[in-house]
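As the structure lists them, so they are numbered: ligands from 1, and atoms in each ligand from 1. What's counted below: heavy atoms across the whole structure, side chains too, no hydrogens, waters or symmetry copies. Not measured: the values here are computed from a predicted model.
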Amino acid sequence: MQALLDVYKIRQDFPILNRRLNDGKRLVYLDNAATTQKPNEVIDSISRYYKEYNSNIHRAVYQIAEEATEEYENTREKIRKFINARYPEEIIFTRNTTESINLVAYSWGYSNIKKGNKIVLTEYEHHSNIVPWQTLCHNKGARVKYLEVDADGYLKLEDLYDLISQKDDGKTKIISLSEMSNVLGTIFPAKEIIKIAHEKDIPVLLDGAQSVPHMKTDVQQSGCDFLAFSAHKMLGPTGVGVLYVRKEILEQMKPFILGGDMIKEVHKENTIFNDLPYRFEGGTPNIADVIGFSAAIDYLNRIGMDNVREHELEMTSYLLERIKGLKSVVIYGPKKAKDRGGLVSFNMDGIHPHDCATILNDFGVAIRSGHHCAQVLMEKLDIVASSRASLYIYNTKEEIDILIDALNHARRIFNT
Ligand code: 7TS
């Protein structure tokens with residue numbers, strides 16, 4: 001069969017994948033849901049900015065500052081195209097997904113949430129999509145409601161109908177959910193959920209931290225009102241996040257970070273804020289890394305997001321099959337690979353996930369163990385932690401085989 005993407009060629013672009021650890025074992029990096037590795041192009045573009053045109057943006061008229069401003073704004077346009085937003089003003093740069101969600105909770109939330117209102121989340125949310133809403137609700141006398149996940153890691157859409165039905169009486173003001181769970185791996189039907197919500201005029205925030213890096217995103221097609229994601233989970237640098245907000249909503253929102261660059265005029269008693277989107281980007285932003293993100297998007301565009309998804313689907317099917325073959329293993333989330341993004345969380349009887357990850361480290365294998373910042377879900381699953389292997393464009397079946405050999409070795413050590 002024709003390869004979907006040339007994984008061995010791709011690997012040559014990632015210098016870290018040549019790293020040897022623990023007596024020469026090669027690094028098998030399977031923690032891509034936490035952060036992905038960076039190709040040379042991204043590293044070089046950051047270095048080029050510092051070596052050739054380091055300067056502040058949106059203010060000076062000299063050449064290198066104009067070059068920096070142009071590259072920064074080009075990235076915004078690239079992101080607009082990448083997620084198919086209508087206008088570049090709808091793209092706001094933040095530090096990460098967490099800050100993007102906080103921006104919405106503070107800015108939109110503090111104006112729109114009143115006593116007695118409800119905010120609908122799901123049980124599988126990352127802490128960054130729980131804590132800002134919970135805090136907002138505590139301050140406003142509102143309540144957070146959770147859509148439940150079933151034993152196989154799916155949501156029931158009837159539950160959503162129930163939560164926002166007639167008896168809700170217009171109390172639900174926003175639904176905020178992740179399009180792909182960072183623990184279960186489930187890809188949720190965002191478009192259908194948004195359609196149900198919009199029938200009741202309820203806006204929807206999609207946490208795209210796990211979905212945007214791994215599949216095609218189209219905000220016009222899904223109809224989401226807000227979308228949050230992080231550059232570092234899609235080949236880009238750390239310290240850059242994106243918040244997309246539909247323009248009609250963004251125009252009504254108050255700025256979150258106040259100070260320089262987000263103003264037009266400041267007087268002793270009043271301030272006139274800048275145009276969109278600058279009024280939401282107070283202070284000197286992370287210029288170098290935004291420019292680095294541009295190179296990451298070019299890289300993904302060249303591969304094609306459909307090919308990214310196809311490759312991960314093939315790898316996830318293999319990963320699922322191989323983990324299923326282990327003795328006394330519990331796998332969380334959907335049984336079918338096609339309902340998942342590229343990650344599998346699991347527990348092996350009698351081995352704590354932290355011990356498991358430590359033994360894997362001896363083999364050069366990097367996986368995540370712990371609660372994955374999803375303690376509400378951990379409570380639901382009645383566990384405190386799990387192991388998680390997560391994939392990206394440069395992972396191979398051979399690496400999955402090394403993971404499985406290491407897991408079998410862990411079993412032998414623990415005699416289970
Ligand atoms: N939402 C989801 C669904 C996530 O998986 C994460 C990070 C975030 C939000 C927060 O992203 P950040 O860039 O603001 O930190 N998830 C993980 C993870 O699964 N392991 O480490 C970070």
Should you measure from each heavy atom of [X], which atoms of ligand 1 turn up under 4.0 Å away?
X    : value
T98  : 10 (C), 12 (P), 14 (O), 15 (O)
S178 : 3 (C)
N182 : 5 (O), 16 (N), 18 (C), 19 (O)
Q210 : 3 (C), 4 (C), 5 (O), 16 (N), 19 (O)
S128 : 1 (N), 8 (C), 9 (C), 10 (C)

Side chain, backbone, both or neither: which part of [X] has a heavy atom under 4.0 Å from ligand 1?
X    : value
R388 : side chain
D207 : side chain
E125 : neither
A34  : both

Exercise. Between Y392 and Y394, how do the two ring planes meet: parallel, tilted or perpendicular, split at 30° and 60°?
Worked result: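 The rings of Y392 and Y394 stand perpendicular, inter-plane angle above 60°.
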Exercise. Judged by non-hydrogen atoms, does A33 sit under 4.0 Å from ligand 1?
Worked result: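 A33: in contact with ligand 1 (<4.0 Å).
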In the protein, which heavy atom is nearest to [atom], and how far is it?
atom                    : value
atom 4 (C) of ligand 1  : H126 CD2, 3.4 Å
atom 21 (O) of ligand 1 : R368 NH1, 3.2 Å
atom 17 (C) of ligand 1 : K233 NZ, 3.2 Å

For this session: Report yes if some N/O of H372 lies less than 3.5 Å from some N/O of ligand 1; otherwise report no.
Result: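 Among all N and O atoms of H372, none is under 3.5 Å from an N or O of ligand 1.
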Salt bridge check, [Y] against [X]: does any charged N sit closer than 4.0 Å to a carboxylate O?
X    : Y    : value
K247 : E90  : no
E251 : R279 : no
K324 : E321 : yes
K264 : D275 : yes

For this session: With R302 as the cation and Y299 as the aromatic partner, state whether NZ or CZ is under 6.0 Å from the six-membered ring centre and within 45° of the axis.
Result: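 The answer is yes, since R302 meets both limits relative to Y299.
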For this session: Take atom CZ of R59 as the centre, draw a 6.0 Å sphere, and report whether it contains more than 12 heavy atoms from other residues, nucleotides or ligands.
Result: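 Yes.
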Problem set entry | Considering all heavy atoms, the nearest H126-N182 contact |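 Looks like CD2-ND2, 3.6 Å.
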Problem set entry | Identified side chain to side chain contact (heavy atoms under 4.5 Å, CB included) partner of S386 from the options H371, M348, R368, H372 |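 Of H371, M348, R368, H372, side chain to side chain contact (heavy atoms under 4.5 Å, CB included) with S386 is met by H372 alone.
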